[in-house]
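This report refers to the structure that appears directly beneath it.
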Amino acid sequence: MDVLESGVGEFRFTDPDEVRSWMRTHKGREFVDKTVSEAEAVGRFVADGDYVSFDFSSFTRGPLVLIREIIRQGRRDLWYCAKFTLMESTLLAAAGACSRIDVGFMGLGDTLNRAVEEGKIKVSEWTNGTLTLRHLAGAMGVPFLPTRALLGTDTLKYSGAKVVKDPFGGKPIALVPAVNPDVGLIHVHQADVYGNARCFGPGVSPLETAAASKKVIISTDEIIDHDDIRKDPAKTTIPYYMVDAVVYAPFGAYPGGLPGVYEMDFEHFAGYYAQERQGNLKAYLDKYVYSVGSHLEMLEQRVGLARLNDLRRRATVKEGYR
Amino acid sequence: MTKDDTEAEVMIALCARLLEDQKTAFIGFGMPQVAAILAQRIQAPQLVQVFEFGAIGPTPLTPFVRNTMGGPSNCYRSIAWTSMNQIFAQAQIGLMDYGVLGATQIDIYGNVNSTMLGEDYQRPKKRFPGSGGANEVASYCWKTVIIMMHEKRRFVPRVDFVTSPGYLDGMPGARERAGLPADTGPWRVVTSKALFGFDEDSKKMTLLGVLRGLAPEQVVAEMDFKPLVARRVEELPPPTEQELRILREEIDPARTIIGRTAKA
């Protein structure tokens, strides 16, 4: 195949046979109880320097409980996949936890933009769609997938994509390399103790992220019986053998919402934006991460039952989320 | 009444009028969402909105809630909930009629920059959040509509960074030569003062209409390049009472997107 153009962006890539070998040896097929605390999950499965991906968004069904724990444990040099990210990337950067970002959409607010301007964070340019496609390639066990996006743009130039002549039709086509994240973080509505997981509502790529990632931590608002999974298998989003840890975390998406269960906390976000604009995210992190020992402690001491009940009260649209 | 309209209301109303009923429209975050809902409430009740995280055909609950694009009120009564790979595949195969996007900077060929300002990519003078899904939308949808504030610094001869493709260098067939899907590209640019299209041959941005009360020269004076001007420049009526009522009372009473009037 003739390579017509190559992007100069650095990218994470793992040989598909290495991925297969990992899946063979590390992804247990045994039905074992994988429930652990968020502290144990992050302690065991997230290492300095890891490539980290998540689903779905800071506002909706995002694994914020796990992001906060990563920050609390002081991870460094993470390479964060910012597909559809709004808040997580900013928090990780403000905490000094990540040094590289694959940009789909970097986040709201100027903290990250300034960090890039000052050279503190290295970025590669992608798009939401091509980052998600890279996960699909990683989830399929193939080294790349073709796309008709990126073509003709500077986004391609600063990505790791290549343009080749399509060997079948002859037109130029972009190829994006597979990504197999070291860690996939996914918050779900329900999971059993083995890691069979259900997400309700639209999402970016929960299944692709789980399948592609070497280590997968699921945080879940509810634990359900394994029998319930078998009674309604069409509802299963992620099968258990992809999952390494299950963290029972009610309100795990907080301050984001979980569709049909609780709304996002607008007041919290307003406060967050105000502190972000003042360059005061250290204070935010102190309050919600460093000064509390766990997610439960944060909910009890920094949010409170009245606020949590109100967020549940506001989630009046239930249809489709069961 | 007219002098009370906010710039956002003008942009949203002008954009909403472009969207035909029973068409598919790939909708970006923010103003495009409000324009699509307005179109649904007036001439296009069965406009099929599509979002990048896979929701197809929602009829969003109002008042519009900013931020929760993937949440229950915005995804209310959809036709299907899919995923990002599925929905971009549907756009790539040619099922999306419109793409509606906001933009930071645009050039005469409709190339859009939402990545950075400056000469050096590694050390940008100003960094922005990046493509998001805009590159896909601008690559795949049949007709891309771009909504922008009408400011000189946003309409530049050449964007510093081509985040999402317009007609590239403007040469005939440039998009197809790059490998982009045939017969796609920017179709309209909607601003707070005017409506633009693109010349069929030269692919240059072309002034099609100006807001009532403005002269074409006034509009062009606030751009850093000279667009072509249609032989007959249409007069665009400002937002109607009906449009304003729906925007202010039904969709966005908190005015998070439409903004405040000068008097308020």
Side-chain angles (χ1 to χ4, degrees), chain A residues 56-57 59-61 82-84 103-108 112-114 116-117 119 123 125-130 132-133 135-136 147-155 157-158 163 166 171-174 201-208 257 259-260 263-264 266 269 315-321, chain B residues 51-56 61 65-73 75-78 80-85 87-88 91-92 111 113 115-116 118 121-136 138-140 159-165 168 174-181:
Chain A
F56 142 41
S57 126
F59 298 149
T60 313
R61 195 179 53 69
K83 56 174 159 64
F84 212 70
V103 178
F105 189 88
M106 247 197 328
L108 299 175
L112 264 179
N113 295 333
R114 276 196 303 272
V116 174
E117 290 158 20
V123 290
E125 225 55 47
W126 300 91
T127 65
N128 284 348
T130 52
T132 311
L133 192 65
H135 284 70
L136 179 60
T147 173
R148 302 186 78 187
L150 297 177
L151 293 156
T153 64
D154 292 320
T155 310
K157 204 172 288 175
Y158 292 98
V163 182
D166 161 16
K171 290 177 178 173
I173 184 96
V204 170
S205 56
L207 177 58
E208 297 94 314
E263 258 302 340
M264 66 182 280
F266 294 105
F269 274 101
T316 51
V317 177
K318 307 288 186 191
E319 58 188 42
Y321 302 114
Chain B
F51 302 132
E52 62 179 322
F53 48 83
I56 301 173
L61 289 173
V65 188
R66 191 173 197 170
N67 291 341
T68 59
M69 198 176 182
S73 56
C75 297
Y76 191 64
R77 297 274 159 106
S78 294
W81 287 336
T82 65
S83 67
M84 187 172 279
N85 279 315
I87 207 68
F88 278 136
Q92 187 166 243
N111 300 302
N113 178 12
T115 302
M116 49 89 63
Y121 170 78
Q122 301 300 341
R123 296 306 282 259
K125 274 195 211 133
K126 181 87 191 82
R127 173 74 210 197
F128 305 118
S131 160
N135 180 287
E136 277 85 9
S139 297
Y140 298 155
V159 289
D160 289 350
F161 191 99
V162 179
T163 308
S164 306
L168 306 178
R175 281 176 70 96
E176 287 79 2
R177 253 197 318 285
L180 290 162

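Note: hydrogens, waters and symmetry copies are ignored here, and every other heavy atom, side chains too, is used. Since this is a predicted model, take the numbers as computed values, not measurements. The sequence lines fix the lettering, A, B, ..., with proteins before strands; numbering per chain opens at 1.
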Any sub-3.5 Å donor-acceptor pair from B/N85's side-chain atoms to A/T132's backbone N or O?
yes
Is it the backbone or the side chain of B/L61 that comes under 4.5 Å from a heavy atom of chain A, or both, or neither?
side chain
Is it the side chain or the backbone of B/K126 that comes within 4.5 Å of chain A heavy atoms, both, or neither?
both
Whether B/R123 side chain and A/E117 backbone form a donor-acceptor pair below 3.5 Å:
yes
Check the orientation of A/F56 and B/F53. Use parallel for under 30°, tilted for 30 to 60°, and perpendicular for over 60°.
tilted
Verdict with supporting geometry, A/V116 and B/F128, side-chain contact (heavy atoms from CB on, under 4.5 Å):
CA-CA 10 Å; A/V116 174; B/F128 305 118; over 6 Å; no
Of the backbone (N, CA, C, O) and the side chain (C-beta and beyond), which part of A/F59 lies under 4.5 Å from a heavy atom of chain B, both, or neither?
side chain
A/F269 portion near chain B, given a 4.5 angstrom heavy-atom threshold
neither
Please look at A/I173 and chain B and tell me whether the side chain, the backbone, both or neither of the residue comes under 4.5 angstrom of a heavy atom of that chain.
neither
Value for OG (B/S83) from CG (A/L207), rounded to nearest 0.5 Å, stands at 8.5 Å
Tell me, for A/V204 versus chain B, whether the close heavy atoms (under 4.5 Å) come from the side chain, the backbone, both or neither.
both
In terms of heavy-atom pairs under 4.5 Å with chain B, which of A/G257, A/S205, A/G201 leads?
A/G201
Assess the residue pair B/R127 and A/M106 against the criterion (side-chain contact (heavy atoms from CB on, under 4.5 Å)); give the C-alpha distance rounded to whole Å, side-chain angles, the decisive distance to 0.1 Å, and a yes or no.
CA-CA 10 Å; B/R127 173 74 210 197; A/M106 247 197 328; 3.6 Å; yes
Which region of B/V65, side chain (C-beta onward) or backbone (N, CA, C, O), has a non-hydrogen atom less than 4.5 Å from a non-hydrogen atom of chain A, or is it both or neither?
side chain
Which of the residues A/V163, A/L112, A/L133, A/D166 is involved in the greatest number of heavy-atom pairs with chain B at under 4.5 angstrom?
A/L133
A/T153 versus chain B, the contacting section by heavy-atom distance below 4.5 Å:
both
Under a 4.5 Å heavy-atom cut-off, does chain B meet the side chain of A/T155, its backbone, both or neither?
both
To the closest 0.5 Å, what do you measure between CD (B/E176) and CG (A/L151)?
11.5 Å
Sort A/E263 into side chain, backbone, both or neither according to what part of it lies under 4.5 angstrom from a heavy atom of chain B.
side chain
Indicate yes or no for a side-chain donor-acceptor contact from B/E52 to the backbone of A/G129 under 3.5 Å, with no hydrogens or angles considered.
no
Is a side-chain donor-acceptor pair under 3.5 Å present for A/N128 with B/E136?
no
B/N135 side chain to A/T127 main-chain N or O, any donor-acceptor pair under 3.5 Å?
no
Checking side-chain contact (heavy atoms from CB on, under 4.5 Å) for the pair A/E319/B/R77: CA distance, chi angles, key distance, verdict?
CA-CA 9 Å; A/E319 58 188 42; B/R77 297 274 159 106; 2.7 Å; yes
So which part of A/T316 gets closer than 4.5 Å to some heavy atom of chain B, the side chain, the backbone, both or neither?
neither
Under 4.5 Å to a heavy atom of chain A? For B/L180 that would be both
Distance in Å, A/D154 CG paired with B/S131 OG, rounded so as to fall on 0.5 Å steps:
12.0 Å
Given the rule in the side-chain contact (heavy atoms from CB on, under 4.5 Å) test, do B/T115 and A/E125 qualify, once you have shown the distances and angles that lead to the verdict?
CA-CA 9 Å; B/T115 302; A/E125 225 55 47; 3.4 Å; yes
